[in-house]
Number of protein chains: 2
Amino acid sequence: MKQAHHPATEDVALEEVLSALGDPVRLGLARLLADGRERGWGQLAAPVAKSTLSHHLRVLRDAGVTRTRQEGTRCFVVLRRADLDARFPGLLAAVLEAAEAHDAGAGVGLRGTGPA
Amino acid sequence: MKQAHHPATEDVALEEVLSALGDPVRLGLARLLADGRERGWGQLAAPVAKSTLSHHLRVLRDAGVTRTRQEGTRCFVVLRRADLDARFPGLLAAVLEAAEAHDAGAGVGLRGTGPA
DNA sequence: TTCGATGTTTGACGAACATCGAACAAGTTA
DNA sequence: TAACTTGTTCGATGTTCGTCAAACATCGAA
């Protein structure tokens, strides 16, 4: 559990962001984080094994879509909305709105705290 | 060279569009077509073999990003801007603007008619 | 009909990807 | 110290992807 690497805002690449969000699980994760609130790793519920979930979170992180914070032995994930909006104005909003409107990236939800 | 299949506007999937545009060559092609003008297949110049170019154009077509029209033995490609905008408002504009701003998808250009 | 131009399809290849279970590392708690 | 919790990393597997060359199909021209 070493400190994860995050690309600087100016190093975020469009192709990477697009292909990162081009996966159903990752799009679902982004959609889950769309409200800007930070979520605990354990709250995230995706229809994949935890090692796979870890992989997807890494792809999102490496692409610059999310930021992971570590607190003790647990992690918290948050969308880098401001950074993305600074670099690609309107992109994230359009993607998230489209995902919401068409229920894309389904299968990803919250655990414990219940839906909503 | 049989008539290619195009998805109906309501069948266009967000994940497919995003991952279609997540490739440098395809993003470059989309960027090239961003002005809405129709281009001849032969005008498209990408740093790949023609079979590969054909493949990429098919991915874009299958994802609903472009439309291919056939005239005799040659093809013309155009961006399905209105369709995409109807289904995912603002998405294509944000992607193309971001690509333009950061010169993403480079290596794709025009042949014959010269740049511009 | 024969030739040439234009894309598409096929077959093959290595690289990248999504996925899993198991082993591991780092904190927290008993 | 000894568990236990929480994610990450590793190794393996099967799939998809990007790429090319070559063969093919189709249309127009000679």
Side-chain angles (χ1 to χ4, degrees), chain A residues 1-6 13 15-30 38-63 65-78 105 107-108 110-112, chain B residues 1-6 13 15-30 38-63 65-78 105-108 110-113:
Chain A
M1 278 221 287
K2 68 165 165 290
Q3 197 53 19
H5 164 254
H6 295 84
E15 291 96 330
E16 271 186 70
V17 171
L18 292 178
S19 61
L21 295 176
D23 177 89
V25 173
R26 294 193 292 258
L27 183 57
L29 289 168
E38 192 179 56
R39 310 284 183 177
W41 207 104
Q43 290 187 325
L44 307 176
V48 292
K50 69 172 185 171
S51 55
T52 305
L53 180 55
S54 181
H55 161 69
H56 284 307
L57 285 172
R58 171 139 82 130
V59 173
L60 287 172
R61 197 172 56 221
D62 289 351
V65 177
T66 61
R67 187 182 300 283
T68 297
R69 181 174 64 84
Q70 207 170 333
E71 189 172 300
T73 176
R74 67 186 74 175
C75 299
F76 295 90
V77 188
V78 67
V108 179
L110 282 177
R111 195 195 327 254
Chain B
M1 277 223 289
K2 67 165 166 289
Q3 195 54 18
H5 164 254
H6 295 83
E15 289 97 329
E16 272 186 70
V17 172
L18 292 178
S19 60
L21 295 176
D23 177 89
V25 173
R26 293 193 293 260
L27 183 57
L29 289 168
E38 193 179 56
R39 310 284 182 179
W41 208 102
Q43 291 186 324
L44 308 175
V48 292
K50 68 172 185 171
S51 55
T52 304
L53 180 56
S54 182
H55 161 68
H56 284 307
L57 285 171
R58 171 140 81 132
V59 173
L60 287 172
R61 196 171 57 220
D62 289 351
V65 177
T66 61
R67 187 180 300 282
T68 297
R69 183 173 63 85
Q70 205 169 334
E71 189 172 300
T73 176
R74 66 187 74 176
C75 298
F76 295 90
V77 188
V78 68
V108 179
L110 282 177
R111 193 194 330 252
T113 55

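Labels below follow one simple rule: chain letters A, B, ... track the order of the sequence lines, proteins then strands, and each chain is numbered from 1. In what follows, every heavy atom counts, from backbone to side chain, and hydrogens, waters and symmetry copies are set aside.
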Asks: Counting any heavy atom closer than 4.0 Å, what does B/H55 reach on the DNA or RNA strands: base, sugar-phosphate only, or nothing?
Replies: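 Counting heavy atoms under 4.0 Å across all strands, the contact made by B/H55 includes a base.
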Asks: Would you kindly compare A/L53 and B/R61 by the position of their nearest DNA chain C nucleotide and give the one closer to the 5′ end?
Replies: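 Nearest-nucleotide comparison on DNA chain C picks B/R61.
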Asks: Does A/V59 or B/S54 map to a spot on DNA chain C nearer the 5' end, using the closest nucleotide for each?
Replies: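 Looking at DNA chain C, the more 5' nearest nucleotide goes with B/S54.
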Asks: Quick check for you: among C/dG27, C/dG21, D/dC20, whose closest atom lies nearest to any side-chain atom of B/A49?
Replies: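 For the B/A49 side chain, the nearest candidate turns out to be D/dC20.
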Asks: What is the separation between atom CD on A/E16 and atom C1' on C/dC17, rounded to the nearest whole Å?
Replies: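 Going from A/E16 (CD) to C/dC17 (C1'), I get 14 Å.
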Asks: Look at the side chain of B/V48 and decide which nucleotide, out of D/dT8, D/dC20, C/dG7, has an atom nearest to it.
Replies: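 Nearest listed nucleotide: D/dC20.
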Asks: For B/R74 and D/dT26, is the shortest distance between a side-chain N/O and OP1 or OP2 below 4.0 Å?
Replies: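 So the side chain of B/R74 is outside the cut-off, no N or O lying under 4.0 Å from OP1 or OP2 of D/dT26.
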Asks: Select one nucleotide: of C/dG7, D/dT8, D/dT26, the one nearest the side-chain heavy atoms of B/T73.
Replies: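 Per side-chain heavy atoms of B/T73, the pick is D/dT26.
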Asks: Tell which nucleotide pairs with D/dA30, taking only Watson-Crick or G-U wobble pairs whose two distances are both under 3.5 angstrom.
Replies: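 Checking every strand shown, D/dA30 finds its partner in C/dT1, with both distances under 3.5 Å.
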Asks: Which whole-number value in Å describes the distance from A/H5 NE2 to D/dT9 P?
Replies: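 Nearest whole value for this atom pair: 13 Å.
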Asks: Just how far, in rounded Å, is C1' of D/dG18 from NE2 of B/H56?
Replies: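 Distance, rounded to whole Å: 6 Å.
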Asks: Atom CG of A/L60 and atom P of D/dG7: how far apart are they, to the nearest Å?
Replies: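 To the nearest whole Å, that distance equals 16 Å.
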Asks: Quick one: pull up CG in A/L57 and CG in A/L44 and give me the separation to the nearest 0.5 Å.
Replies: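 If we round to the nearest 0.5 Å, A/L57:CG and A/L44:CG are 6.0 Å apart.
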Asks: Compare all side-chain heavy atoms of A/L18 with those of B/V17 and state whether any distance is below 4.5 angstrom.
Replies: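 When only atoms from C-beta onward are counted, B/V17 and A/L18 do not touch, as no gap falls below 4.5 Å.
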Asks: Round to a whole Å and report the spacing from CZ of B/R58 to C1' of C/dT6.
Replies: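 These atoms are roughly 17 Å apart.
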Asks: Name the closest nucleotide to the B/V25 side chain, picking from D/dG18, C/dT9, D/dT19.
Replies: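 Of the candidates, D/dT19 comes closest.
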Asks: Write down the atom of B/R61, the atom of B/H5, and the distance for their closest heavy-atom approach.
Replies: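 That closest heavy-atom pairing would be CG-O, 3.9 Å.
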Asks: Send over the distance from B/F76 CZ to D/dC27 P, rounded to a whole Å.
Replies: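 Distance check: B/F76 CZ to D/dC27 P gives 15 Å.
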Asks: Quick check for you: among D/dT19, C/dA18, C/dT8, whose closest atom lies nearest to any side-chain atom of B/T52?
Replies: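 That would be D/dT19.
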Asks: To the nearest Å, how far apart are A/R111 CZ and D/dG7 C1'?
Replies: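 Roughly 13 Å, once rounded to whole Å.
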Asks: Taking OP1 and OP2 of D/dT5, is either one under 4.0 Å from a side-chain nitrogen or oxygen of A/W41?
Replies: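 No.
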Asks: To the nearest Å, how far apart are B/E71 CD and D/dT26 C1'?
Replies: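 Distance check: B/E71 CD to D/dT26 C1' gives 15 Å.
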Asks: Does a distance-only test, which skips hydrogens and angles, find a donor-acceptor pair under 3.5 Å between the side chain of A/S51 and the base of C/dG21?
Replies: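 Yes, a donor-acceptor pair under 3.5 Å.
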Asks: Find out whether B/T68 and B/H6 are in side-chain contact, i.e. whether some heavy atom of one side chain is under 4.5 Å from a heavy atom of the other.
Replies: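 A side-chain contact under 4.5 Å exists here.
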Asks: Does the side chain of A/R39 come within less than 4.5 Å of A/L110's, by heavy atoms?
Replies: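 Sidechains of A/R39 and A/L110: in contact.
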